[in-house]
Amino acid sequence: MTPFTESVIRIIKSIPTGKVMTYGQIAKLAGNSRGARQVVHILHSMSEKYELPWHRVINSKGEISIKDEASRFEQITLLLNEGIEFDLYERIDLEVYQYHPPSNFLFK
DNA sequence: TAAATGACAAGTG
DNA sequence: CCACTTGCCATTT
């Protein structure tokens, strides 16, 4: 497992209930500002094994990126249950709900 | 080995 | 804010 992957997992696991982070934000914090798509692969392949709160990861526009209807509905439901609100276009206000981890937490 | 793919992002108009 | 383009890169085909 690469250092990048380890960091990504730690970051995702640190997202508090009721907050979200974006793919690009996570990739950048993990050390690769251009690694957003790798974050996608990690979520796909390791969410279950590492019990990642995959539903708290959304795209930079504040939208749910999943196309599959069932999975999409599941993610929205999980977020609603955590108190996150969506506008009428199913978008989340990042100004309100985006999580910004402390800059030192990777080294703790 | 090459081409396509994807739960993305930033820049431009 | 929207639509479209370009850049990305590991994984899959």
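Just so it is clear: chains get the letters A, B, ... in the order the sequence lines come, proteins before strands, and each one is counted from 1. Hydrogens, waters and symmetry mates are skipped; everything else that's a heavy atom, side chains included, is used.
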May I ask whether A:Leu80 and A:Val96 are part of the same hydrophobic cluster, defined by side-chain heavy atoms of I, L, V, M, F, W, Y residues being less than 4.5 angstrom apart, directly or through others? yes

Linked, directly or transitively: A:Phe73 and A:Leu79 (ILVMFWY side chains, under 4.5 Å): no

Under a 4.0 Å heavy-atom cutoff, the residues of residues 15-25 of chain A touching DNA chain B are A:Thr22, A:Tyr23, A:Gly24

Qualifying side chain to side chain donor-acceptor pair (under 3.5 Å) pairs with a residue from residues 40-53 of chain A, counting only residues at least two apart or across chains: none

Can you tell me how far the CD1 atom of A:Ile92 sits from the CD1 atom of A:Ile58, to the nearest 0.5 Å? 4.0 Å

With sequence neighbours left out, the residues meeting side chain to side chain contact (heavy atoms under 4.5 Å, CB included) with A:Ala30 are A:Phe4, A:Ser7, A:Val8, A:Ile11

Please collect all side chain to side chain donor-acceptor pair (under 3.5 Å) contacts where either partner lies in residues 75-90 of chain A, sequence neighbours excluded, each pair once. A:His55-A:Glu82, A:Arg56-A:Glu82, A:Arg72-A:Glu90, A:Glu85-A:Tyr97, A:Asp87-A:Arg91

Where do A:Tyr99 and A:Met21 come nearest, in terms of heavy atoms and distance? O-CG, 3.7 Å

Sorted by number, residues from residues 30-55 of chain A placing a heavy atom under 4.0 Å from DNA chain C are A:Arg34, A:Arg37, A:Gln38, A:His41

Any residue meeting side chain to side chain contact (heavy atoms under 4.5 Å, CB included) with A:Ser71, in chain and number order, not counting sequence neighbours: A:Ile66, A:Asp68

Among residues 61-76 of chain A, which residues get a heavy atom nearer than 4.0 Å to DNA chain B? A:Ser65, A:Ile66

Span of DNA chain C, from the first to the last nucleotide whose atoms fall under 4.0 Å of chain A heavy atoms: C:dC2 to C:dA10

Which atom names give the shortest non-hydrogen contact between A:Leu29 and A:Pro101, and what distance separates them? CD1-CG, 3.5 Å

Considering residues at least two apart in sequence or located in another chain, which fulfil the side chain to side chain donor-acceptor pair (under 3.5 Å) criterion with A:Thr22? none

Of residues 89-96 of chain A, the positions that come close to DNA chain B - non-hydrogen atoms, cut-off under 4.0 Å: none

Residues A:Leu43, A:Ile12; criterion side-chain contact (heavy atoms from CB on, under 4.5 Å); working and verdict: CA-CA 9 Å; A:Leu43 282 172; A:Ile12 293 175; 3.8 Å; yes

Using a 4.5 Å cut-off on heavy atoms from C-beta on, say whether the side chain of A:Val57 contacts that of A:Leu52. no

Which residue pairs pass the side chain to side chain donor-acceptor pair (under 3.5 Å) test with at least one member in residues 23-33 of chain A, sequence neighbours excluded? A:Gln25-A:Gln98

When the P atoms of C:dT6 and B:dA7 are compared, how many Å lie between them, rounded to an integer? 23 Å

Smallest heavy-atom separation, A:Ala36 atom then A:Ala27 atom, equals N-CB, 3.5 Å

Distance check needed: B:dA9 C1' versus A:Ile58 CD1, whole Å only. 14 Å

Distances for protein N/O vs nucleotides 11-13 of chain B N/O pairs under 3.5 angstrom?
none

